[in-house]
2 protein chains.
Amino acid sequence: MVRAADVSLRILQMIAFAETPLGVTQVAQGVGIAKGAAHKHLRTLMDHGMVLQDPLTSLYLLGPKIWLMGQKAPEGQVLSEIAAPLMRSIRDELGLAVVLSVPTPKSAFVLATLPSNQPINIGVRPGSELLLHSSAQGKIFLAFGGRELREALREPLPRATPKTQTQLPNLLAELEDIRRLGYATAPEEAMLGINALAAPILDRSGKLIGSIGLIGSIQHLAAEPPPALLDRLFTLTATIGKRL
Amino acid sequence: MVRAADVSLRILQMIAFAETPLGVTQVAQGVGIAKGAAHKHLRTLMDHGMVLQDPLTSLYLLGPKIWLMGQKAPEGQVLSEIAAPLMRSIRDELGLAVVLSVPTPKSAFVLATLPSNQPINIGVRPGSELLLHSSAQGKIFLAFGGRELREALREPLPRATPKTQTQLPNLLAELEDIRRLGYATAPEEAMLGINALAAPILDRSGKLIGSIGLIGSIQHLAAEPPPALLDRLFTLTATIGKRL
DNA sequence: CCAGTTGTTCTCGTATAGAGAACAGTGTTC
DNA sequence: GAACACTGTTCTCTATACGAGAACAACTGG
């Protein structure tokens with residue numbers, strides 16, 4: 001781990017996901033270093049065009065180069081443009097929150113989300129990383145992904161709620177079921193009162209690309225999903241897979 | 001300048017703009033450090049999800065987080081989605097290369113391009129940075145941008161070709177003309193045999209957002225642009241400005 | 001006009017980044 | 001099938017450069 005680079009990357013993320021442009025002082029205390037040091041990091045980021053400084057307010061905001069680099073990332077471009085309209089239609093139809101995520105070595109990375117349209121709505125923040133063993137999408141990745149993803153299971157499984165599955169043998173058995181049935185649920189495993197239903201997005205060759213998850217309270221999304229709901233989800237993921 | 005962060009950012013860009021996934025060795029000699037050190041940097045980038053490693057080939061490629069961050073950059077999202085279809089139509093109509101760029105403190109940053117559709121075609125690489133004083137788009141930014149952009153003129157003006165304007169007073173006079181006429185040209189100032197014509201993209205409040213440039217050989221794009229061509233360019237930039 | 005903010009520039013001691021070598025895999029070649 | 005030529009990864013050690021802290025400059029608002 002390169003410490004200085006780590007700091008710069010944290011600063012970059014901070015600026016990227018901040019609601020408003022940030023000043024040196026906020027950045028400094030955000031990453032926990034001295035103001036002067038933060039300034040040096042910001043200058044480095046500016047030299048690379050990753051960040052630029054508003055000439056009027058002298059606050060720092062994200063530069064255009066980040067956008068350009070983002071265009072080069074395969075997942076986003078393809079998946080989101082294809083999936084976005086389909087996700088919207090299923091959300092409007094079912095009223096549940098819809099989440100698109102892709103696998104990373106240790107988590108399910110949330111690329112895009114649509115919150116549910118209930119008065120009390122449930123959402124997932126894009127950019128968050130769901131644990132592999134305690135989320136529906138994570139379990140999809142464990143079940144359908146390459147062997148390297150299951151490496152993460154060697155370490156003890158942290159408990160998110162009392163219902164989180166922390167026994168490795170039980171989890172492995174569940175993964176078998178998931179592979180067989182083609183979907184995963186996680187009733188109150190990530191958060192009490194909340195359930196999720198997820199299915200994999202596979203390309204034509206059967207390779208795992210990502211997953212679509214539906215999130216809802218246990219009231220709206222039962223632990224045993226009704227067949228009609230499953231069908232709807234499967235047609236969605238199959239359509240996305242075909243259009244890749 | 002934070003050296004370690006600089007190295008990591010160079011590596012990140014290298015991976016982002018590489019044609020194919022890269023290995024540790026290529027990265028190391030690309031940025032000029034030892035293999036072991038490069039490995040440490042790559043791990044740091046991976047920890048942040050900026051980069052990930054193909055489990056099969058163990059080559060490094062761009063991670064999904066970069067895409068997500070790119071979505072947050074204001075310029076790209078808005079400008080490119082609005083401008084892209086309009087740029088395409090003007091390219092097909094005129095046959096000239098079309099370039100969309102935004103201002104940075106020291107250059108015109110190229111966000112998106114369309115190469116000309118001639119047999120011998122001319123293009124501009126996205127991500128490149130055009131000098132402010134020796135390119136049509138750069139001169140647009142100097143003329144229409146904030147005062148801070150003109151700070152760059154305090155330093156001596158490098159000569160790109162024999163025709164590059166390197167005399168500050170002459171350049172300032174030209175900027176006056178550009179402001180008055182609403183367009184800039186740069187015949188053979190950036191590259192011999194090539195001319196460019198550019199106009200600013202202004203939002204409703206008149207603030208400079210970016211510029212559209214047309215690039216062609218001096219044969220296809222005369223130093224004195226015909227009125228019809230100017231009209232076409234002005235309607236394009238005006239349309240983009242309105243849709244912001 | 002002064003107090004309390006900003007962002008920026010210093011200096012200096014210490015943590016750390018990078019060179020280099022050794023290690024561990026993988027595929028190629030003879 | 002064994003030696004080879006590559007990969008990516010891990011290690012040790014020292015010159016280096018990072019970050020704490022303080023001082024500075026430039027604004028803002030009471």
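Residue numbering restarts at 1 for every chain, and letters A, B, ... go by the order of the sequence lines.
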For this session: On DNA chain C, check which nucleotide each of Ala4(A) and Thr57(A) is closest to and give me the residue with the more 5' one.
Result: Thr57(A)
For this session: Looking only at side-chain atoms of Tyr60(A), point me to the closest of dG20(C), dT8(C), dG8(D).
Result: dT8(C)
Exercise. Taking the side chain of Ser58(A) as its heavy atoms from C-beta onward, which of dG8(D), dG7(C), dA19(C) lies nearest to it?
Worked result: dG7(C)
Exercise. In whole Å, what is the span from the CG atom of Asp6(A) to the P atom of dT16(C)?
Worked result: 11 Å
Exercise. Nearest of dA19(C), dA17(C), dT10(D) to any side-chain atom of Arg43(B)?
Worked result: dT10(D)
Exercise. Any donor-acceptor pair under 3.5 Å linking the side chain of Thr164(A) with the backbone of Thr166(A)?
Worked result: no
Exercise. Donor-acceptor pair, Lys139(B) side chain versus Thr185(B) backbone, under 3.5 Å?
Worked result: yes
For this session: Please check the phosphate of dG7(C) (OP1 and OP2 only) for any side-chain N or O of His39(A) closer than 4.0 Å.
Result: no
Exercise. How long is the line joining CG of Leu45(B) and C1' of dG8(D), in whole Å?
Worked result: 16 Å
Exercise. Does Thr25(B) have a side-chain nitrogen or oxygen under 4.0 Å from the phosphate oxygens OP1 or OP2 of dC6(D)?
Worked result: no
Seminar exercise, completed: To the nearest angstrom, the CE-P distance between Met46(A) and dG7(C) comes to 13 Å
Exercise. Any side-chain heavy atom of Ile201(A) within less than 4.5 Å of one from Leu79(A)?
Worked result: yes
Exercise. Rounded to whole angstrom units, what separation is found between the CD atom of Gln29(A) and the P atom of dA20(D)?
Worked result: 13 Å
Exercise. Ala34(A) has a side chain; which of dA20(D), dG19(D), dA17(C) sits nearest to it?
Worked result: dA20(D)
Exercise. Are any side-chain N or O atoms of Ser128(A) and backbone N or O atoms of Arg125(A), one a donor and one an acceptor, separated by less than 3.5 Å?
Worked result: yes
Exercise. On a plain distance test, is the side chain of Lys35(A) in donor-acceptor contact with the base of dG7(C) below 3.5 Å?
Worked result: yes
For this session: Can you tell me the distance, in whole Å, between the CE atom of Met1(B) and the C1' atom of dT16(D)?
Result: 16 Å
Problem set entry | Salt bridge flag under 4.0 Å for residues Asp6(B) and Arg3(B) | no
Seminar exercise, completed: Between NZ of Lys40(A) and C1' of dC12(C) the distance, given in whole Å, is 11 Å
For this session: From the options dT9(C), dG8(D), dG19(D), select the nucleotide whose nearest atom is closest to the side chain of Val24(B).
Result: dG8(D)
Exercise. So which nucleotide from dT9(D), dG8(D), dG7(C) ends up closest to the side chain of Gln53(A)?
Worked result: dG7(C)
Exercise. Whole Å only: how far is the CG atom of Leu59(A) from the P atom of dC27(D)?
Worked result: 15 Å
For this session: For dG19(D), take OP1 and OP2 only and decide whether either is under 4.0 Å from a side-chain N or O of Arg3(A).
Result: yes
Problem set entry | Length of the CG-P vector between Leu61(B) and dG8(D), whole Å | 13 Å
